[in-house]
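This report refers to the structure that appears directly beneath it.
Each chain gets a letter, A, B and so on, in the order the sequences are listed, and its residues count up from 1.
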There are 2 protein chains.
Amino acid sequence: MAKAAKYDRQNVIDKATNLYWKKGFHATSMRNLQDEIDMRPGSIYAAFGNKDGLFKQALRHYTDIGLTQIQQLKQVHDSPMAVLIAFVKAQVIESQDTAPSGMCMLAKTIGELTEENQDLIDTTKSHLAEISAEFVKLIEAAQALGEVDKHKNAQDLAIHVQIQIAGLRTFAKINNDTNLLNNKVDDIFSHYPF
Amino acid sequence: MAKAAKYDRQNVIDKATNLYWKKGFHATSMRNLQDEIDMRPGSIYAAFGNKDGLFKQALRHYTDIGLTQIQQLKQVHDSPMAVLIAFVKAQVIESQDTAPSGMCMLAKTIGELTEENQDLIDTTKSHLAEISAEFVKLIEAAQALGEVDKHKNAQDLAIHVQIQIAGLRTFAKINNDTNLLNNKVDDIFSHYPF
DNA sequence: CATATATTTGAACGACTGCTCAAATTAATT
DNA sequence: AATTAATTTGAGCAGTCGTTCAAATATATG
């Protein structure tokens, strides 16, 4: 019978995610991670394979947090568009002060990595597609309710939202003006292409 | 009398810029740079101080390329807005295939670095402000010509353009659809807030 | 309690990091 | 051509990188 691991796997992945998110893939060393999650190299490699393997778990965890957040917002807001707006504001504004990095970890990873880590890039892209798919669902629900013009392409609008998030989170690292950011997010959904 | 350096400083900085731009600050090692620019460590350190010093020169060079490009476009296009649109398209679309990285080096740097390299972050921010200042000048010129509503704030519009560039260049790394990107750039200037 | 199995440990490996500096080389000056 | 000054060289330093694996420890089974 397999012995139950002494370490708390979810907690370990969560801490690793925060460190990777803050410092990026290359600047985070295995020794940084050893200290952060309080595990010795052998245990980490037994549990996650290598640095890439642990990073993939971090990407998965980061994405799940986002997806979960969307589900939670669905229970707070009646309107699908309100869910989307609340999510974007959480990503762009709140995360600037509370998150390990103001940047989206997926966008940051896409920006940082090269062909040398193509598999990590591919993983990252597929996770961005997962988030986008949730945006599409929200927008289609909004269209069904008449909140958004039915003739517009939900895919295109979802892409537009992701572009705005990437742009605004980058800008927020330069100029973290909450009021300005708040207005900019509102503008996204009250003007073309919405 | 100081001996004229045997190496071509501008060529060295240009090559270093391309490597830093492609791989990012942390993933670019001094040995990578030694190979790329064909200089021995002693010479590099004599000329640039340290890894940070060379990176600062790279940031300066990268920014100058952008500023120069704007000046060149001014001589091709009569309309200030045409200059701005052409520049954004060059940044977002053309650079995807020709540049070392599809990303804006300044945005990439802002995303990658942490407080540990605050001086490099500050340098990067000031260069982004330089670019933004050029955008402001172009927009104000467009306003003087009646191409853009005089009542709009040129600063805000310039910020908007920078956010769109950051967002689109990130998106372009995921989905490099030239037609789609082209339309998206045109949309920036034909809808709110323009 | 003894045995077998699963898990954790941490020293250590070869390769690489940013960087230094005495020695060699090159160029300018007399 | 001899002397001085500027520049380049590259071996090498101390430290870190990602990773391995025999030994120690912990858990489960008989």
Original post:
Any chance the side chains of B:T17 and B:D14 put a donor and an acceptor closer than 3.5 Å?
Top reply: no

Subject >> Sorted by number, the residues of residues 42-59 of chain B with heavy-atom contact under 4.0 Å to DNA chain D >> reply: B:G42, B:S43

Subject >> Residues in ring-ring contact (aromatic ring centres under 6.0 Å, His included) contact with B:F25, at least two apart in sequence or another chain >> reply: B:F55

**OP:** Give the C-alpha distance, both sets of side-chain angles, the deciding distance and a yes or no for side chain to side chain contact (heavy atoms under 4.5 Å, CB included) between A:T109 and A:Y62.
**Re:** CA-CA 12 Å; A:T109 301; A:Y62 174 84; over 6 Å; no

Original post:
What's the CZ-P distance between B:R9 and D:dA6, to the nearest Å?
Top reply: 17 Å

Original post:
Given A:K15, which of A:N18, A:N11, A:V12, A:I13 fulfils the side chain to side chain contact (heavy atoms under 4.5 Å, CB included) condition?
Top reply: A:N11

Original post:
Quick one: B:D8 CG to D:dT8 P, roughly how many Å, whole number?
Top reply: 12 Å

**OP:** Pick out which of A:I93, A:L168, A:N175 makes a side chain to side chain contact (heavy atoms under 4.5 Å, CB included) with A:L180.
**Re:** A:N175

Original post:
Do other residues, nucleotides or ligands put more than 12 heavy atoms under 6.0 Å from the NZ atom of A:K23?
Top reply: yes

Original post:
How long is the line joining CD of B:E116 and P of D:dT16, in whole Å?
Top reply: 13 Å

Original post:
Would A:E130 and A:R60 pass as an ion pair if we require N to O under 4.0 Å?
Top reply: yes

**OP:** Quickly work out the A:R40 CZ to D:dT20 P distance and round it to whole Å.
**Re:** 18 Å

**OP:** Check each residue of residues 29-37 of chain B for a non-hydrogen atom within less than 4.0 Å of any atom in DNA chain D, then write out the ones that pass by number, or none.
**Re:** B:R31

Subject >> Protein-nucleotide distance (A:H26, atom NE2; D:dG18, atom C1'), rounded to Å >> reply: 13 Å

Original post:
Does a salt bridge link B:K137 with B:E140, judged by any charged N lying under 4.0 Å from a carboxylate O?
Top reply: no

